[in-house]
Amino acid sequence: MYNLAKSLKLGGWVLNSPQGVQIEAEGSQSRLEEFLVRLQQEKPRLAFIQSLEWSYLDPVGLGEFEIKKSKKGGEKLAFVLPDIATCDLCLEETTNSKDRRYLYPFTNCTLCGPRFSIIEKLPYDRPNTSMKAFRMCPACAKEYRNPEDRRFHAQPIACPVCGPRLQLLDAKGEPMAGEEEALLMACAVVRGGGILGLKGIGGFLLLADARNDETLRKLRQRKLREEKPLALMYPDLKSVEKDCFIDPLETRLLTSPEKPIALLRKRPSASTSNLVAPANPYLGVMLPYSPLHHLVLRELGFPVVATSGNLTDEPMAIETDEAVAKLGPIADAFLTHDRPIVRRMDDSITRIIEGREIVLRRARGYAPLPIEVKKNLPNVLALGGHLKNTIAMSKGKQVFVSQHIGDLETKEAVEAFEQAVKDFQRLYEFKPEIVATDLHPAYASTQFGESLGFEVHKVQHHLAHVYSVMADNGLEGSPLGVSWDGTGYGEDNTVWGGEFIVPDGGRGEWLAGFEPFPLIGGEKAIKEPRRTALGMLHACFGKEAFEMQDLPPLKSFSAKELEWMKKAVEHDVQSPKCRSVGRLFDGVSSILGIRQRISYEGQAAMALEFTANGVSDRIYPFDIRPGGRPKYLINWGRMLNAIIHDAKSGVGNDVISSRFHATLAEMAAKIAEASGEKRVVLSGGCFQNALLVRNFRERLGRRGFEVYTHQRIPPNDGGISLGQVIATGEARR
Ligand SMILES: [Zn+2]
Ligand SMILES: [Zn+2]
Ligand SMILES: [Zn+2]
């Protein structure tokens with residue numbers, strides 16, 4: 001690292017700590033990117049990077065690159081490694097017919113293999129893992145005890161003689177075959193157009209031939225999943241390159257030891273069915289991350305859909321009985337094994353936005369690595385939000401953010417959430433001093449927090465987003481927080497989601513927000529962007545909104561429905577006021593005729609993003625008025641008017657969408673100028689939108705603002721728990 005940093009003329013330092021190697025390097029962005037890529041490529045042959053988490057910090061003028069003295073201390077015991085994808089050496093062994101682990105699907109070593117998903121308690125020793133039931137054979141025991149061996153103290157060490165074994169079950173759970181035969185028969189099921197339940201590292205996946213329309217239609221029907229994109233697993237990097245455009249940073253991401261799902265731009269010639277991700281220019285792609293996945297994909301030689309084995313809004317199955325009971329109606333067969341999964345671990349989702357890696361779902365490969373903050377925190381247990389829930393806890397300067405738990409929409413999901421809270425507390429022997437929750441009184445996570453019997457500190461949703469992106473970037477003080485998402489409980493009985501907040505001591509000054517509009521039908525409007533559109537039109541044009549019969553949202557309703565909605569909005573029935581940018585995206589999407597209803601969260605907004613043709617120089621008019629609370633109100637009425645005008649005069653949706661994105665960034669730039677802050681931090685689900693981030697970087701960057709985005713922690717509600725911890729710590733200081 002030292003040599004590489006020197007050769008790139010980077011300033012900074014490297015040191016060893018109980019948490020691993022830490023580097024701070026300073027230089028231009030392109031050199032830092034090159035450093036990241038070459039670190040992987042030029043490391044010594046036997047060196048293996050188990051995990052690489054990085055973030056951009058403020059430049060501080062670091063001197064010549066140096067090797068600092070090792071750091072001692074810190075909480076070693078609290079440190080659990082994530083599950084690490086199969087290393088090259090283990091892969092070589094499982095594919096070498098002369099090796100004793102030839103074709104063995106559970107091969108691992110100290111450089112790779114399951115960790116977080118098999119550990120029952122600390123310290124991390126074999127009797128404390130789900131490998132305790134397997135007695136090491138003499139050959140494995142020899143390797144385990146030999147300090148010269150790569151498997152010295154490799155806790156999940158195993159081989160065909162002593163380790164876990166495969167079994168193939170039919171859809172009813174009846175055994176059909178074992179070991180190698182099971183693997184071959186399972187692959188035959190997939191090749192023949194069937195659906196296979198596969199028990200992997202953190203749970204069951206459903207596998208199906210990604211090129212086969214008929215199979216995918218069947219999978220979507222059986223799983224009741226209409227259009228939400230399905231993740232793919234490819235045999236190797238070469239096969240990915242055939243189907244997707246991929247740059248060096250994306251290659252690094254895809255082949256990293258974390259082996260996440262990466263969102264890649266699909267080639268028009270891609271071999272996969274359009275049913276994988278309908279109307280979506282991206283594919284969610286991952287490479288095999290355990291020997292079992294490698295062996296299956298090698299045998300198949302084509303990309304497969306690899307989606308979580310669960311029913312809608314329920315947690316992924318981790319036990320074989322559970323999988324057969326729940327997934328039996330979906331899968332044609334199950335390839336399972338006898339190594340218990342202790343902890344459910346979904347596949348992580350990542351993408352590169354503006355040259356930076358960003359984690360959209362943080363689980364396998366990343367969790368539970370801590371986020372380090374600069375000041376000591378009290379012991380906070382934070383329970384996160386409602387959607388994409390995660391929990392977090394702080395110990396000293398470390399914040400441990402859990403793996404993605406999921407949407408708390410079903411009884412099963414809430415049970416899994418409560419289980420995860422208990423599990424985290426038990427594993428880390430953690431005694432909270434204070435519990436942090438969302439402000440929303442009806443969230444399952446809030447109610448659970450109140451039932452625990454500790455002092456409860458409530459953190460407003462969008463403030464939590466702001467603190468989370470600050471922690472992700474190592475920022476302190478009071479930058480301007482731009483917190484945009486779909487929904488969050490506001491402080492003034494409106495639905496928030498387009499907020500500008502300046503954080504201060506764990507609280508926030510609500511600096512600016514959007515002029516509210518009614519969500520006709522409340523929750524229903526989230527599934528039907530046309531209701532949101534009608535609400536927006538009503539906020540701008542009053543009664544006349546219902547006369548605008550030529551607009552797509554109105555066309556999509558019957559006269560009777562329109563009559564009902566008119567009454568609802570005029571009498572203020574079931575029409576909560578909303579200020580969310582996520583909903584503005586929905587409404588514009590509907591007005592442009594792009595989507596009137598959706599079948600998964602964020603679909604209409606994503607469709608609008610995909611419609612755009614890049615960064616636009618032209619923006620729509622808008623007004624900013626003094627508002628009291630918030631201090632500034634953004635009035636988007638003239639923008640909506642201009643959008644309708646453009647649409648009617650035949651301007652393409654691609655142009656309109658681009659201008660809409662640019663206008664939102666311009667609104668933020670104006671508020672940033674009024675705020676007097678130089679640093680602007682972006683958080684909330686809207687900033688998963690690459691085009692919006694680009695517009696922000698360009699428009700605010702041009703005017704000298706420093707724009708910070710998420711990297712290691714999701715901008716969506718997966719980051720809420722981290723923000724709750726920091727806000728609570730700050731409020732207590
Ligand atoms: Zn290995
Ligand atoms: Zn063995
Ligand atoms: Zn949110």
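Counting convention: from 1, in listed order, for ligands and their atoms alike. Quick caveat: nothing in here was measured; it's all calculated off a predicted structure. Side-chain atoms are counted along with the backbone in the values below, which use heavy atoms only and exclude waters and symmetry mates.
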Item to check | Three-point angle H465:NE2, the Zn ion (ligand 3), H461:NE2, rounded to the nearest 10° | outcome: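 Value, to the nearest 10 degrees: 100°.
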Checklist entry - What does the angle at the Zn ion (ligand 1) come to, between atom SG of C90 and atom SG of C109, rounded to 10°? => result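 Rounding to the nearest 10 degrees gives 100°.
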Item to check | SG (C112) - the Zn ion (ligand 1) - SG (C87) angle, nearest 10° | outcome: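 So the angle at the metal works out to 110°.
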Item to check | Atom of D485 closest to the Zn ion (ligand 3), considering N, O or S atoms | outcome: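 Nearest N/O/S atom of D485: OD2.
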Checklist entry - Restricting to N, O or S atoms of D717, which is nearest to the Zn ion (ligand 3)? => result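 Looking only at N, O and S atoms of D717, the one nearest the Zn ion (ligand 3) is named OD1.
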Item to check | Electrostatic pair E120:R343 at N-O distance under 4.0 angstrom | outcome: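 Looking at R343 together with E120, the answer is no, because their closest N to O distance does not fall below 4.0 Å.
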Over all heavy atoms of both residues, which pair between [X] and [Y] is shortest? Give the atoms and the distance, please.
X    : Y    : value
C90  : R150 : SG-NH2, 3.0 Å
R100 : C140 : NH2-SG, 3.3 Å
A413 : L408 : O-CD2, 3.9 Å

Next on the checklist: I want to check something: taking the side chain as every heavy atom from C-beta on, are V495 and Y489 in contact at a cut-off of under 4.5 Å?
Outcome noted: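 With C-beta onward as the side chain, the pair stays apart.
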Next on the checklist: Between F687 and D485, is there a side-chain heavy-atom distance shorter than 4.5 Å?
Outcome noted: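 Sidechains of F687 and D485: no contact.
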Item to check | SG (C159) to the Zn ion (ligand 2) to SG (C140) angle, given to the nearest 10 degrees | outcome: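 Between SG of C159 and SG of C140, the angle at the Zn ion (ligand 2) is about 110°.
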Checklist entry - Has H462 got an N, O or S atom lying less than 2.8 Å from the Zn ion (ligand 3)? => result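 Given the 2.8 Å cut-off, H462 does not count as a ligand of the Zn ion (ligand 3).
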